[in-house]
Amino acid sequence: MLRGKKIVLGVTGGIAAYKTAFLVRLLIKAEAEVKVIFTPSAFDFVSPLTFSTLSKNPVVSEFTQNAKTGEWTNHVAYGAWADLLIIAPLTANTLAKMANGICDNFLLATYLSAKCETIVAPAMDLDMFAHATTKANLEKLKSFGVKILPSPKGELASGLEGEGRMAEPYYIFEKIENYFNSHKTLINKRIVITAGPTHEPIDPVRFIGNRSSGKMGYALAAEALERGALVSLVSGPTTQKLTHKNLKLISVNTAQEMFDATTQHFKDADMGIFAAAVGDYKVKNPSDKKIKKQTEQTLVLTKNPDILAECGSSKKESQLVVGFALETNDGEKYAKDKLIAKNADFIVLNSTQDKGAAFGHDTNKVTLVSRGNNPLSFELMTKQNLAKQLFDIWEKHL
Ligand code: CTP
């Protein structure tokens with residue numbers, strides 16, 4: 001299943017383009033989202049109507065949609081949207097341009113700006129395929145990290161027999177599936193994640209809370225699921241949403257509820273990530289009736305249980321524990337202290353000094369503190385990207 005996978009499919013001007021229509025159908029059947037880009041010469045071989053109907057998206061080819069009004073199609077947005085860029089068929093011409101950074105059409109601009117992996121299926125006549133320039137260009141693309149599918153032997157459009165046919169749609173489809181599955185590095189790993197704030201009741205209508213949005217914890221949960229993990233997300237009140245067949249979402253309000261659910265799920269987990277902003281205190285005797293206003297009001301607070309410290313102290317050798325820390329000053333020192341005090345393996349340190357970081361933002365800037373290693377500082381980036389980079393490190397320890 002490729003459900004929700006975003007695929008940009010480039011079609012260049014080769015006779016094999018008619019087969020690519022079938023690839024679109026396979027991708028759509030597997031629930032991928034597909035956006036098709038034609039090079040100008042692709043129109044000579046296939047109709048955009050076939051591809052827009054199959055992909056359920058308009059086929060794009062030009063930078064400008066309406067030259068008079070100056071409306072344009074954003075190739076950077078296409079590149080950023082894609083989880084994977086496929087070019088099938090890849091002609092010798094487009095190959096040569098890709099190998100040399102030429103950018104004279106929308107597909108090439110998208111290729112140059114895409115952050116995702118690119119897979120190409122070359123297709124050309126046997127002599128063109130065998131030419132030293134083509135071989136050198138393919139080697140060059142390979143060195144840029146582009147995945148090149150084989151062009152098997154067989155009958156070619158020229159009537160000749162030899163290497164240069166486009167890989168069959170089923171084969172390309174299988175490679176796409178394999179690509180996404182190879183990222184499933186956490187299959188069957190059980191991960192418990194706490195996220196969001198906690199609400200400690202004062203009376204039936206009031207509570208003590210904090211400004212945590214839950215975005216970081218949810219981004220981590222989404223990334224773990226993406227990698228194939230089984231995630232128990234113990235979430236305080238938040239507007240964040242996440243659904244997935246491998247997700248168990250446990251919604252809680254108070255720190256005590258979060259403690260009970262998390263410690264329960266942590267017992268059989270491979271990893272615990274404690275991203276919630278847990279209230280340190282709760283009201284000692286919350287009122288069961290709404291408290292009427294008075295000139296003065298005193299609330300007596302008592303300490304909440306520390307979920308991270310409890311899981312850290314009970315953790316088995318094989319379990320990985322990650323805590324978070326938000327500090328105003330001397331962050332690395334305090335984070336190291338927390339690492340030891342709570343028996344964690346990693347502490348993700350946020351500083352209130354960093355713009356665009358921590359509570360409420362879509363971006364974050366953190367330093368990862370661990371035992372025996374120098375602290376590792378990350379640039380400011382989206383919480384989704386940060387989740388990816390953090391899991392690239394953590395998964396090596398699982
Ligand atoms: N944490 C927790 N349970 C609590 C309190 C905190 O699981 N009752 C976790 C948080 O999810 C986070 C880390 O502990 O991973 C934060 O540590 P904490 O000691 O709460 O930070 P501060 O409140 O900033 O502590 P201090 O005032 O000691 O710096």
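In each ligand, atom 1 is the first atom listed, and ligand 1 is the first ligand listed. No experiment lies behind these values; they were computed from the predicted model shown.
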Cation-pi check, K135 to F129: give yes when NZ or CZ is under 6.0 Å from the six-membered ring centre and within 45° of the ring axis, no otherwise. yes
Would you indicate whether N374, at its atom CG, is surrounded by more than 12 heavy atoms from other residues, nucleotides or ligands within a distance under 6.0 Å? no
How far is atom 2 (C) of ligand 1 from its nearest protein heavy atom, and which residue and atom name does that atom have? D306 OD1, 3.4 Å
What about A276: any of its N or O atoms under 3.5 Å from an N or O on ligand 1? yes
For T39 and T12, what are the C-alpha separation, side-chain angles and deciding distance, and is it a side chain to side chain donor-acceptor pair (under 3.5 Å)? CA-CA 5 Å; T39 58; T12 71; 5.1 Å; no
State if E310 counts as touching ligand 1 under the rule of any non-hydrogen atom under 4.0 Å. no
Specify whether H75 and W72 have parallel, tilted or perpendicular ring planes, treating 30° as the upper limit for parallel and 60° as the lower limit for perpendicular. perpendicular
More than 12 foreign heavy atoms under 6.0 Å from CZ of R190: is that the case here? no
Regarding ligand 1, does A277 bring an N or O atom to under 3.5 Å of one of the ligand's N or O atoms? no
Between F207 and H199, what is the ring plane arrangement, given parallel below 30°, perpendicular above 60°, and tilted in between? parallel
If we only count N/O pairs under 3.5 Å, is T194 in contact with ligand 1? no
Might you confirm whether atom OH of Y334 has over 12 heavy atoms from other residues, nucleotides or ligands at distances under 6.0 Å? no
Taking a cutoff of less than 4.0 Å between a non-hydrogen atom of the residue and any ligand atom, is A325 in contact with ligand 1? no
Residue and atom name of the nearest protein heavy atom (relative to atom 18 (P) of ligand 1), distance in Å to one decimal: K342 NZ, 3.4 Å
For F274, atoms of ligand 1 separated by under 4.0 Å from a heavy atom: 10 (C), 11 (O), 12 (C), 15 (O)
Is R227 salt-bridged to E395, going by a charged N under 4.0 Å from an acidic O? yes
Taking the non-hydrogen atoms of P305, is any one of them nearer than 4.0 angstrom to ligand 1? yes
Atom 3 (N) of ligand 1 sits nearest the protein heavy atom I307 N, 3.0 Å
Does the protein put a heavy atom under 4.0 Å from atom 14 (O) of ligand 1? yes
Considering K338, E327, Q256 one by one, which has a heavy atom nearer to atom 21 (O) of ligand 1 than any of the others? K338
If you scan protein heavy atoms around atom 9 (C) of ligand 1, the nearest is L308 CB, 3.7 Å
Cluster check V11, L84: I/L/V/M/F/W/Y, side chain < 4.5 angstrom: yes
Report, in ascending order of atom number, the atoms of ligand 1 lying under 4.0 Å from any heavy atom of G323. 15 (O)
Contact check: F324 vs ligand 1, nitrogen or oxygen atoms, below 3.5 angstrom: yes
Cation-aromatic face contact K315/F266, 6.0 Å, 45 degrees: no
Can you list the ligand 1 atoms lying under 4.0 Å from a non-hydrogen atom of D280? 5 (C), 20 (O), 23 (O)
